[in-house]
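Take a look at the structure set out below.
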Amino acid sequence: MQPDNVQPTTVPWNPDHQLEVLVFDLGGQSFALEAVLVREILDMMPETRVPGAPPLVSHVVNFRGRIIPLANLHLAFGMQVPGTTPDSRIVVIEIDLDGEPTMIGLRTDKVHEVATFDAATSEGAPVVGLRWPRDHVRTLVRHDDDIVVLPDLDAIFKNIARRDLAAAATN
C-alpha cells in the first residue's frame, strides 16, 4: 500500500497530452519509459557482482568505458528473476537522482517498440488488485489491447540512493 504522504511522480505529458515511450517486457508484463530517458539499448553483456550492494542494483556493467549500475526491475516489482534469453536487453537510461544525472542499465526480458501514449488512455494505479507496490507505479496505460505500466523510477531508485548516502555518512 502506498503511504498517504507519497505521491507518484507526475507523467510528463506534452502539451498535446501525449508521451513518447519505449515499451518493454518484464516478467510477462508490458512496461514503458519515457523515450527521452533512453540513451541506448544493448545486447546482454558481462556483469560484475558488487558485494554488499542492494539486490535491485547488485551488478555493474561497462558501458562505453563507464561503470554503471545494472538494475533488475523484476525485484522492484516482486517478480521472479528469469534467466537471460536471446531477447533479453539492457536499456541504458539517464535519470536525475538527488540532483545528479545518473546512468543506470535496466535489465529487460524483451524490448518491443517506441510508441506514443495518450493521457486519455491512462489511469492511476488501483487501490486494490495490484500485485506490485503502488508507489512503484506512476500510471497504467491502455495500449494495443494491453495494460502498460509506467514505473516510478524516482521512487524506486531514490530509496536506494538515500540508503547509500546514509551508509556513507555512518562510515
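By convention here, the first residue in the shown sequence is residue 1. Since the structure is predicted, the reported quantities are computational estimates derived from the model, not experimental observations.
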- Hey, what do you get for CD (Glu47) to CG (Asn62), rounding to the nearest 0.5 Å? 12.5 Å
- From Thr84 OG1 over to Arg107 CZ, what is the distance, rounded to the nearest 0.5 angstrom? 4.5 Å
- Can you check whether Val148's main-chain N or O pairs, donor with acceptor, with Asp146's side chain at less than 3.5 Å? no
- Query: If you measure from CG on Leu22 to CD on Glu113, what distance do you get to the nearest 0.5 Å?
  - Reply: 9.0 Å
- Task: Give a yes-or-no answer on whether the side chains of Asn72 and His59 include a donor-acceptor pair shorter than 3.5 Å.
- Result: no
- Message: Could you report the tightest heavy-atom contact between Pro151 and Ala32, atom names first, then the distance?
- Response: CD-O, 3.2 Å
- Task: Grab the two heavy atoms, one from Val57 and one from Ala71, that are nearest each other, plus how far apart they are.
- Result: CG1-CB, 3.8 Å
- Might you point out which heavy atoms bring Glu40 and Leu42 nearest each other, and give the distance in Å? OE2-CD2, 3.4 Å
- Message: Please evaluate residues Phe117 and Leu150 with respect to the criterion side-chain contact (heavy atoms from CB on, under 4.5 Å), reporting the C-alpha separation (whole Å), side-chain torsions for both, the decisive distance (0.1 Å), and the verdict.
- Response: CA-CA 11 Å; Phe117 288 172; Leu150 265 69; 3.7 Å; yes
- Message: Quick check: is Leu97 connected to Val91 through a chain of hydrophobic side chains (ILVMFWY, heavy atoms under 4.5 Å apart)?
- Response: yes
- Message: Quick check for you: to the nearest 0.5 Å, what is the distance between Ile147 atom CD1 and Thr121 atom OG1?
- Response: 9.0 Å
- Message: Treating Ser30 as the side-chain partner and Asp25 as the backbone partner, does any N or O pair qualify as donor plus acceptor under 3.5 Å?
- Response: no
- Note on the structure: Rounding to 0.5 Å, atoms CG (Leu153) and CG (Leu73) come to a distance of 6.5 Å
- Query: Just one of Ile104, Val92, Val60 clears the side-chain contact (heavy atoms from CB on, under 4.5 Å) bar with Ile68, so which one?
  - Reply: Val92
- Query: Quick one: CG on Leu106 to CD1 on Ile41, what's the gap to the nearest 0.5 Å?
  - Reply: 11.0 Å
- Message: Let me check something: do Leu140 and Phe24 share a hydrophobic cluster, defined by ILVMFWY side-chain heavy atoms less than 4.5 Å apart, either directly or through other members?
- Response: yes
- Arg89 side chain to Asp43 main-chain N or O, any donor-acceptor pair under 3.5 Å? no
- Item | Smallest separation among heavy atoms of Gly83 and Ser88, with atom names | O-OG, 4.3 Å
- Same cluster (ILVMFWY, side-chain, under 4.5 Å), Ile90 and Ile156: no
- Task: Please test Val23 against Val21 for side-chain contact (heavy atoms from CB on, under 4.5 Å), starting from the C-alpha separation and ending with a verdict.
- Result: CA-CA 6 Å; Val23 181; Val21 297; 4.0 Å; yes
- Message: Counting C-beta onward and ignoring hydrogens, is there a side-chain heavy-atom pair between Leu75 and Val81 closer than 4.5 Å?
- Response: yes
- Message: If hydrophobic clusters are built by linking Ile, Leu, Val, Met, Phe, Trp and Tyr wherever their side-chain heavy atoms come under 4.5 Å apart, do Phe63 and Leu70 end up in the same one?
- Response: yes
- Check the pair Arg39, Arg64 against side-chain contact (heavy atoms from CB on, under 4.5 Å), reporting the backbone distance first and the verdict last. CA-CA 12 Å; Arg39 296 296 169 255; Arg64 301 192 180 281; over 6 Å; no
- Note on the structure: Nearest heavy-atom approach of His136 to Ala76 is ND1-O, 2.9 Å
- Message: Restricting to non-hydrogen atoms, name the atom on Gly27 and the atom on His74 that form the minimum distance, rounded to 0.1 Å.
- Response: N-NE2, 3.6 Å
- Can you hop from Leu37 to Leu56 via hydrophobic side chains spaced under 4.5 Å? yes
- Asp109 and Phe31: CA distance, side-chain angles, deciding distance, side-chain contact (heavy atoms from CB on, under 4.5 Å) verdict: CA-CA 11 Å; Asp109 297 339; Phe31 284 77; over 6 Å; no
- Mark yes or no for whether Asp16, through its side chain, and Gln18, through its backbone, hold a donor-acceptor pair below 3.5 Å. no
- Query: Taking side chain as C-beta onward, heavy atoms only, is Pro12 less than 4.5 Å from Arg138?
  - Reply: yes
